[in-house]
Amino acid sequence: MHVNRNKSNSNALVLFQALNLLEKYDKEHLIFYLQKNNKHKLIQNLTSETANLYNLVLKKFMSLTNRESIDDKMENTFREVIFLQERGLFAKAQRMLKKLKKDAIKHKQNKLLLEISEFERRIKRNANKHKNLDSILEIKKKELEFVEALELDVKFVKLEVELRDIYDRIFYLSQNVSGIERNIVRAKLTEIETALNNIDETQCNCFNSKILYLNSKVELYHLKSDKDAVFKCVKKMQQIYESQKNSSKNLDFKFINFLANYLNNIVRYNEPKDQFLAVLRQLKNFETNSPFDEVIQFSNIYYSEFLYYLKQGDFEKMGKLIPALLEGLEKYKNAIELGRQIVIWYNLSIYYFIKEDFDSTHLWIQKILNNGKKSRRIDFYYNGKVFELLIHYELNEIAKVEDTDFLESLTEKVRKSFYTAKKSNGLVSLVVKLIKTYCKKMRLEKTDFEVALQQFNKIDKSKNKYLPYDEVGIWLKSKTEGLPMLKIAEQILHN
């Protein structure tokens, strides 16, 4: 009715009518109906149009429920905030959440405030925005105040608060270990492990507490480099998810992300190929029930598969994946969370860089530099700046450019950007120095690269561990040994 009054031929109405004919969501039947009615453009933008329709329907529902209680309205708003955050609409989600918190405090909605706090924990954890371990403890204290104000049996709620606190502290250490003194890391790790061991696993008798407990164990074993224990916990989680997957469609999103994390662990520990392919097959064959879960599934499949073959040095397999990857990036460009897109762009940059296709490398690096600061993945933005210098050097060499003014100016800008952001480090200094030598002499000799490689080998790579050490090392070795980067990369990865 709303659409008919405003725009009777809108995509939202066509899509609504098509969905209304289906007993349950079936993408193939939906596309068949739209093709039959010549709605080809709608098919191309199906994900974004479905999102628009969802928002429109949600708004109408909200406007028709004025008789709802305040509690129900705030719960509905919170569900929408979660939905928007999980689909990458961070700014809108945060605006709504800020207002919701004020309303929840005003109406003393302690249960909702606890849920909001748990949700904000996850956002801060994923973006690595906890200030320090003390700030995590403050969140726990606040949550326990909300728990005490609840008029019900709070024992299991306190357990979940304790588990979230433990998980956040472990995760904080794992993300910031390079910047913390080793004796402090050891002391905090012992403290956290003691707290985790004091929890009886049999007390974790609901889905959330079981997963939280095992996730905490996984992160703890990562820090202790105990690979066998990691996979023992991961397999336990897999059993829990599989026992619950038919009980609620709301778990689809979580199960897809779990399988993706499982793949990441296999890549991290270089586990056998058959294990990787078995989990990948499970992720590919998982039947999604919404276009949004389909987007998450696509981005995780191609991210994991591309990264796996990159780590294996199987550039032939990577090349075969690229057409489907590029097609999916175009199809879902408005739906994939920007941080995940940047990671995929970065992996594509590495692939083309090692293949010495510097024009294509430049294309993907430029996308990262143009969008990097809009995302939580600021590390890739700065990595892109390192690559930018190497790419322009190579393009200058290919084109036999005699004027190096632009490259000299760019090198100084890169140096200043790292200095201003307090991210200066040995790798950046080495690359900047080498490019400045090139700008001064108009060429680099083999001896220049040999000296640079010697300095590179002395850099403490445990600091700023996310920098492109491997790629710069391959580039320098290719120059000193006179071999293609692809050959050097294959030798290193196969050894």
Side-chain angles (χ1 to χ4, degrees), residues 178 346 349-370 372 378-492:
S178 62
Y346 186 73
S349 302
I350 294 173
Y351 169 79
Y352 286 117
F353 181 73
I354 300 298
K355 296 276 283 186
E356 300 186 32
D357 181 348
F358 300 115
D359 285 320
S360 295
T361 311
H362 185 241
L363 173 72
W364 293 106
I365 288 295
Q366 208 55 49
K367 287 175 77 71
I368 294 169
L369 295 175
N370 291 339
I378 195 72
D379 48 337
F380 287 110
Y381 171 79
Y382 284 101
N383 285 6
K385 286 189 166 294
V386 175
F387 271 112
E388 191 179 23
L389 293 181
L390 304 184
I391 293 162
H392 279 286
Y393 162 78
E394 292 291 354
L395 292 175
N396 273 16
E397 284 289 281
I398 292 167
K400 304 296 181 185
V401 174
E402 294 183 3
D403 185 357
T404 60
D405 287 351
F406 171 77
L407 183 53
E408 192 171 2
S409 172
L410 178 64
T411 304
E412 185 58 21
K413 284 179 182 177
V414 169
R415 186 196 66 79
K416 282 184 178 178
S417 69
F418 274 90
Y419 178 80
T420 304
K422 297 180 180 179
K423 292 180 179 289
S424 297
N425 55 78
L427 184 69
V428 174
S429 299
L430 184 150
V431 172
V432 165
K433 182 180 177 182
L434 193 61
I435 300 301
K436 282 188 172 181
T437 301
Y438 167 74
C439 292
K440 186 177 180 180
K441 300 194 319 184
M442 294 294 293
R443 68 181 183 277
L444 287 174
E445 308 288 351
K446 183 180 177 181
T447 51
D448 294 317
F449 289 110
E450 288 172 342
V451 169
L453 184 58
Q454 289 172 4
Q455 293 172 346
F456 172 82
N457 290 332
K458 293 177 183 177
I459 295 173
D460 182 0
K461 299 174 183 64
S462 65
K463 295 180 179 178
N464 305 294
K465 60 182 179 180
Y466 296 111
L467 284 167
Y469 291 112
D470 291 341
E471 293 74 27
V472 173
I474 289 168
W475 180 72
L476 289 171
K477 283 184 179 180
S478 78
K479 299 299 183 185
T480 57
E481 296 180 21
L483 293 172
M485 279 197 277
L486 182 58
K487 189 73 175 174
I488 298 290
E490 287 173 344
Q491 287 175 356
I492 292 171

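Count residues from 1 along the sequence.
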Just so I know, are the side chains of [X] and [Y] near enough to count as touching, which here means a heavy-atom distance under 4.5 Å?
X      : Y      : result
Ile350 : Ile354 : yes
Gln491 : Ile488 : yes
Asp359 : Leu395 : yes
Lys440 : Glu408 : no
Met442 : Thr404 : yes

Value rounded to 0.5 Å, distance of [atom1] in [X] from [atom2] in [Y]:
X      : Y      : atom1 : atom2 : result
Leu410 : Lys385 : CG    : NZ    : 7.5 Å
Asp379 : Leu467 : CG    : CG    : 9.0 Å
Tyr352 : Asp357 : OH    : CG    : 7.0 Å
Leu369 : Trp364 : CG    : CH2   : 14.0 Å
Lys367 : Ile365 : NZ    : CD1   : 12.0 Å
Met485 : Lys355 : CE    : NZ    : 11.5 Å

Write out all pairs satisfying salt bridge (Lys or Arg N to Asp or Glu O under 4.0 Å) with one or both partners inside residues 443-452, taking only residues at least two apart or from two chains.
->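 Sorted pair list: Lys441-Asp448, Arg443-Glu445.
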May I ask you to decide if the ring planes of Phe353 and Phe387 are parallel, tilted or perpendicular, using 30° and 60° as cut-offs?
-> perpendicular
Can you list, pair by pair, the side-chain donor-acceptor contacts under 3.5 Å of residues 425-436, counting residues two or more places apart and other chains?
{"residue": "Asn425", "atom": "OD1", "partner": "Leu427", "partner atom": "N", "Å": "3.2"}
{"residue": "Asn425", "atom": "OD1", "partner": "Val428", "partner atom": "N", "Å": "3.0"}
{"residue": "Asn425", "atom": "ND2", "partner": "Lys423", "partner atom": "O", "Å": "2.7"}
{"residue": "Ser429", "atom": "OG", "partner": "Asn425", "partner atom": "O", "Å": "3.0"}
{"residue": "Lys436", "atom": "NZ", "partner": "Glu412", "partner atom": "OE1", "Å": "3.2"}

Residues two or more places apart in sequence or in another chain: which of them pass ring-ring contact (aromatic ring centres under 6.0 Å, His included) with Phe380?
-> Tyr346
Of all the heavy-atom pairs spanning Ser478 and Pro484, show the shortest one and how long it is.
-> CB-C, 4.3 Å
Ile474 and Ala489: which non-hydrogen atoms are nearest, and at how many Å?
->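 Closest approach of Ile474 to Ala489: CD1-CB, 3.9 Å.
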Any pair with a residue in residues 407-433 that passes ring-ring contact (aromatic ring centres under 6.0 Å, His included), sequence neighbours left out, goes on the list, sorted by first then second residue, please.
->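 Listed once each, the pairs are Tyr382-Phe418.
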Output every pair passing ring-ring contact (aromatic ring centres under 6.0 Å, His included) with a member in residues 429-452, not counting sequence neighbours, ordered by first then second residue.
->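 Those involving residues 429-452 are Tyr393-Tyr438, Phe449-Trp475.
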Residues pairing under side-chain hydrogen bond (donor to acceptor under 3.5 Å, both in side chains) where one sits in residues 479-489, two or more places apart or in two chains, turn out to be Glu394-Lys479
Is the side chain of Lys477 donor-acceptor paired with the backbone N or O of Leu483 at a distance under 3.5 Å, no angle test?
->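 No, Lys477 side chain to Leu483 backbone: no donor-acceptor pair under 3.5 Å.
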